[in-house]
Amino acid sequence: MNRALHVRKIHEYLFEIPPHGKMRVPARLYLDERSLRELMENQSSEEWNALKQLENVACLPGIVKAAMAMADVHPGYGFPIGGVAAFDPKDGGVISVAGVGFDINCGVRCLRTHLTRRDLTGKEEKLADTMFEVIPAGLGSTGELKLSTKEIDRVLREGARYAVRLGYGREDDLEYIEEHGCLSDADPSVVSHTAKQRQMAQVGTLGSGNHYVEVQVVDQIYNARAAEAFGLELGQIVIMLHTGSRALGHQIGTDYLPFLEKATRKYGIEVPDRELVCAPIESPEGQQYFRAVMAGANCAFANRQVLAHLVRQAFWKALRVPDTAIETLYEVAHNTVKWEVHEVNGERRRLLVHRKGSTRAFGPGRPELPERYRAVGQPVLVGGTMGTASYILVGTEQGMRETFGTALHGAGRAKSRRQAKRQYPAERIIEELRKQGIIVRAHGKASISEEAPGAYKDVEHVVEVMCNAGIVARVARLRPIVCLKG
DNA sequence: ATGTAC
């Protein structure tokens, strides 16, 4: 079918597919003509059907306003990555495994340092080697923490706070983490023994795939007031840390897929794709999965907290930088489901917001934000690739009205992992990056090929689309210097 | 993303 016939242009950076078939609401995409064309072209391959996936999401019970996709959209499991969907419990709203994703609460922390680019000159290799040595990474990697059953339950209940209690990082990190690094409805008793067992030695590890730790320099400031609030200056060194809930989150997803499949049948929910199995959020099954996801999310918060400590350790070991010179700027989550109050058509409603590969991007004044940032809005951390810029943006009032306070999370994959592996030999990518002055240390070759800059969309372009659409605003641009991968 | 198989 020619989907192009259905797509309606709302403005230069927003397109809409009006409801047709079983869609309950429209599907909306933050794209321009060029990226829409690219997405439609990719549609010829089954694997790349993000548009169809967004229409499928628009068919789910209780969905409010629209199924929306950010400019970094690409296909995922059931839901597109780069998507947001909010559900009203009063209207049969559902919770879905695919709407969260398997890497529950995958996210990014940005650490700002008191260092400038000059402080690192000539020491980049040493820092890269030390990071490689200190930070465990890669598929199946384990860390220094070997937790007991009791301790893993505390990780699941207390999140980042428990990591601080164990001596990883500082109390003042917690204020700058989304949800302060702990979601309150977590229930370890609904997480399988297998999931916990797989995670016992993995807290404080980076993982594989698109996860990384990157040392970067601020090379552009766009908004002096917000940059000052965020503590950012030109030439400053910052560190971005991208990881999630490792084996535990993945196992929760695996465990709950058949569980929610049964619930889908029990409650007579019609889903356009088996991958979209779900349960009414107010059903016992929906509630149970929600409590499991919250536990998975807390594990990811704890993981990033331990990793932030390991980053500080590496900076001390390599450069004698004290840990007080490395502060948490902010931490955002990418794969979440949470209760939020949003205004829809002038009415305040409590909604269950699924963000799948997208970032909460609250505008100024929201009580959820740390006091230091409240007047300017939430920092939005956009991870680029090993070879391209990353961005720090800020949420806007318009984003609150249009996208439930949601923005993009990264550049967005443009080529499948398999395709990237074929096209980008690791040695060639490492050499190309070296010529650009970017040092890469990886535990395996696969993550270099699959995550090669060419496998991603143009980050400058996706950021431009979201900013021109008014959903977020630029604060600073960051350039990679050292990148550690799994 | 993920002990890339039950």
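Order of the sequence lines fixes the chain letters, A, B, ..., with proteins taken first and strands second; residue numbering starts at 1 for each chain.
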Novice: What is the distance from NZ of A:K445 to C1' of B:dT4, rounded to the nearest Å?
Specialist: 20 Å
Novice: May I have the distance from A:R418 (atom CZ) to B:dT4 (atom P), rounded to whole angstrom?
Specialist: 17 Å
Novice: Does the side chain of A:Y424 come under 3.5 Å of the side chain of A:E450 through a donor N or O and an acceptor N or O?
Specialist: no
Novice: Whole angstrom is fine here: how far is it from OH in A:Y77 over to P in B:dT2?
Specialist: 17 Å
Novice: Just the rounded figure in Å: distance from C1' of B:dT2 to NE2 of A:H211.
Specialist: 10 Å
Novice: If you define the side chain from C-beta out and look only at heavy atoms, does anything of A:D255 sit under 4.5 Å from A:F259?
Specialist: no
Novice: Give the rounded distance in Å between these two atoms: CG of A:D255 and C1' of B:dT2.
Specialist: 13 Å
Novice: Is the closest side-chain donor-acceptor distance between A:Q305 and A:R109 under 3.5 Å?
Specialist: yes
Novice: At under 4.0 Å between heavy atoms, what does A:G244 touch on the DNA or RNA strands: base, sugar-phosphate, or nothing?
Specialist: nothing
Novice: Just call it for A:Q199: base, sugar-phosphate, or nothing, with non-hydrogen atoms closer than 4.0 Å on any strand.
Specialist: nothing
Novice: Could you give the CG-to-C1' distance, from A:L257 to B:dT2, as a whole number of Å?
Specialist: 14 Å
Novice: Mind calculating the distance between CG (A:L139) and C1' (B:dT2) to the nearest angstrom?
Specialist: 6 Å
Novice: Suppose we call two aromatic rings close when their centres sit under 6.0 Å apart. Are A:F301 and A:H180 close by that rule?
Specialist: no
Novice: Over how many whole Å does the gap from A:Q251 atom CD to B:dA5 atom C1' extend?
Specialist: 13 Å
